[in-house]
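See structure below.
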Amino acid sequence: MTSTPRPTRPVVAVTGGFVVPVSAPPIDGGVVLIEDGRIVAVGADGPIPPDAESVDATGRWVLPGFVEGHGHVGISEEGVGVEGNDVNEMTGPNMAAVRAIDAIDIDDEGFRDALSGGVTAIVVKPGSGNPIGGQSVAIKSWGGRTIDEQVISDVVSVKSALGENPKRVYGDKKQLPSTRLGVALVIREAFTRAQDYRAARASAAAKDEPFAVDLGLEVLARVLDGELVWDQHTHRHDDIATALRLADEFGYRLVVNHGTEAHKIADVLAERDVPVIFGPMLTSRSKVELRDRAIVNLVTIAAAGVRVAITTDHPVVPINFLVHQAALAVKEGLPRQTALEALTVNPASFFGLEGRVGALAPGLDGDVVIWSGDPLDMTSRAEHVLIDGVTVYRWDAASRTGRVVERAERFRA
């Protein structure tokens, strides 16, 4: 499931801008050259093919498209209500077998919002109603005839939740889990079964015997094998400690999602090199777990040496506000370079996407955003967005509206 659309892709040269590759020092008056959807050169100068389509970025900033590491775009649709809400399959506490991609509406307005905020890649995840919520998928924000043509990778992660959400959902149903004890038990029992399943599968294969496949246990076995990340929704510091304990027991790769109180044990996370996708930041303290919500917590986490990313948790916060959250974190003391990395290279690396997205470098996808100015300046806006070297969005200053290049235009026969 890693197909990509193949419309006509011209050679594109973005010239004259202040190029910020994120993974390398900025280049004033730089050139980003894209061929067949991939970046082939980033530098101060260099030969430009005569047939290249020139994009003049003079006086503007040129950055890689941002990566939203934790969103629900397309499975929690904008302005639709319950009909468009497919975030949680809450008919059982262990839903490892379900896949986010099977519920994504490619035409959700949230994708257009993403483009207006310079977000070109999104890790779409099931929600946090279950201890084990299902499989994530990394996609481009635009460009395919179907969602399958926007997939960057479906080998990404499994969503899991600790704390109040699963307690509330299943406590209201008077069934397991109704406490933090029970939530941890569901996860622990599931992985114990997955260990037994993996051993039985290997034994059957060695004996050339038939073996009954269990879709959920297959997924958890992939987590145990290190193929999939364990994406842990957790706010409180004690729940983060439980997440670490479970990861130690079963040896899987852990990424903390939200991490509202991660600052309280930031040294522990740094020692173990457990990353945190922090946020959303622009919310009220709507539940007990968020009593200590503060943007400055991200600054403390990063200062301790924890690798961080930033999330809107769209639609909790509109996805086009991703960069504004980073700007507010800079205001509270987050280093500018750390903020840019939290929007690009870090979320890409957490999920093994760094060979495709997250920076401006040869070999990566031609996902380029031209900003009117410094994107961490609240007055700047994304003026021109390219995905795979193809223009998908432009800001029209005269009408003060953004225009998305719709699929009907891109794939017109």
Side-chain angles (χ1 to χ4, degrees), residues 69-70 123 125 128 131-133 136 157-167 177 179-188 190-192 220 223-224 226 228-281 285 287-311 313 325-326 329 332-335 337-339 341-343 345-352:
H70 177 118
V123 180
K125 304 176 183 181
S128 55
I132 304 176
S136 308
S157 69
V158 175
K159 179 71 178 294
S160 172
L162 295 170
E164 293 301 322
N165 284 15
K167 275 183 57 180
T179 64
R180 282 179 165 80
L181 312 175
V183 174
L185 175 63
V186 168
I187 296 170
R188 188 172 279 115
F191 274 114
T192 300
L220 295 180
V223 175
L224 292 172
L228 299 173
V229 168
W230 192 248
D231 254 328
Q232 190 68 75
H233 163 110
T234 175
H235 289 281
R236 281 178 21 177
H237 66 95
D238 53 336
D239 288 327
I240 297 172
T242 296
L244 294 170
R245 188 178 314 114
L246 288 166
D248 285 346
E249 287 180 38
F250 296 102
Y252 50 68
R253 292 188 293 146
L254 174 67
V255 173
V256 169
N257 289 243
H258 305 305
T260 301
E261 294 186 7
H263 62 292
K264 296 182 179 181
I265 55 171
D267 54 339
V268 177
L269 293 168
E271 287 172 7
R272 295 168 178 244
D273 193 25
V274 174
V276 174
I277 302 175
F278 188 82
M281 303 184 206
R285 297 175 179 85
K287 55 184 179 180
V288 173
E289 290 179 321
L290 300 180
R291 285 179 301 181
D292 287 338
R293 182 205 60 75
I295 295 173
V296 73
N297 293 350
L298 174 60
V299 181
T300 303
I301 297 165
V306 178
R307 292 180 295 143
V308 296
I310 295 172
T311 180
D313 198 9
Q325 293 189 136
E332 296 300 325
L334 189 70
Q337 178 65 18
T338 303
E341 291 172 354
L343 299 172
V345 293
N346 282 0
S349 69
F350 296 172
F351 299 108

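We number each residue from 1, following the sequence as shown. Values reported hereafter were calculated over all heavy atoms of this structure, with side chains retained and with hydrogens, waters and symmetry mates removed.
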Least distance between heavy atoms, [X] atom then [Y] atom:
X: G163; Y: D239; answer: CA-OD2, 3.5 Å
X: V306; Y: L269; answer: CG2-CB, 3.9 Å
X: I240; Y: E261; answer: CD1-C, 4.2 Å
X: P166; Y: P131; answer: CB-CD, 3.8 Å
X: V123; Y: G69; answer: CB-O, 3.6 Å
X: R307; Y: D273; answer: NE-OD1, 3.0 Å

Is the shortest heavy-atom distance from the side chain of [X] to the side chain of [Y] under 4.5 Å?
X: V288; Y: E164; answer: no
X: V223; Y: F250; answer: no
X: T242; Y: R180; answer: no
X: K125; Y: N257; answer: yes
X: L246; Y: R188; answer: yes
X: F278; Y: V256; answer: no
X: F350; Y: V229; answer: no
X: W230; Y: I187; answer: yes

Using 0.5 Å steps for rounding, measure from the [atom1] atom of [X] to the [atom2] atom of [Y].
X: D267; Y: I301; atom1: CG; atom2: CD1; answer: 11.5 Å
X: S136; Y: K159; atom1: OG; atom2: NZ; answer: 7.5 Å
X: E249; Y: L244; atom1: CD; atom2: CG; answer: 11.5 Å
X: L162; Y: Q232; atom1: CG; atom2: CD; answer: 4.0 Å

Kindly say whether the aromatic ring centers of H258 and H70 come within a distance under 6.0 Å.
yes

Please work out whether the ring planes of H235 and H233 are parallel, tilted or perpendicular, with thresholds of 30° and 60°.
perpendicular

Taking A309's backbone N and O only, do any of them form a donor-acceptor pair with N346's side chain (distance below 3.5 Å, no angle check)?
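Such a contact is absent between N346 side chain and A309 backbone.
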
Side-chain donor or acceptor of T311 paired with backbone N/O of G279 under 3.5 Å
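It does not hold such a pair.
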
Does L181 have any side chain to side chain contact (heavy atoms under 4.5 Å, CB included) partners at least two apart in sequence or in another chain, and if so, which?
T179

Taking only residues two or more places apart in sequence or in another chain, which ones pass side chain to side chain contact (heavy atoms under 4.5 Å, CB included) with A339?
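Applying side chain to side chain contact (heavy atoms under 4.5 Å, CB included) to A339 gives A326, V330, L334, L376.
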
Return each pair, listed once, that meets salt bridge (charged side-chain N to carboxylate O under 4.0 Å, His left out) where at least one residue sits in residues 290-302; pairs must be two or more places apart or across chains.
K264-D292

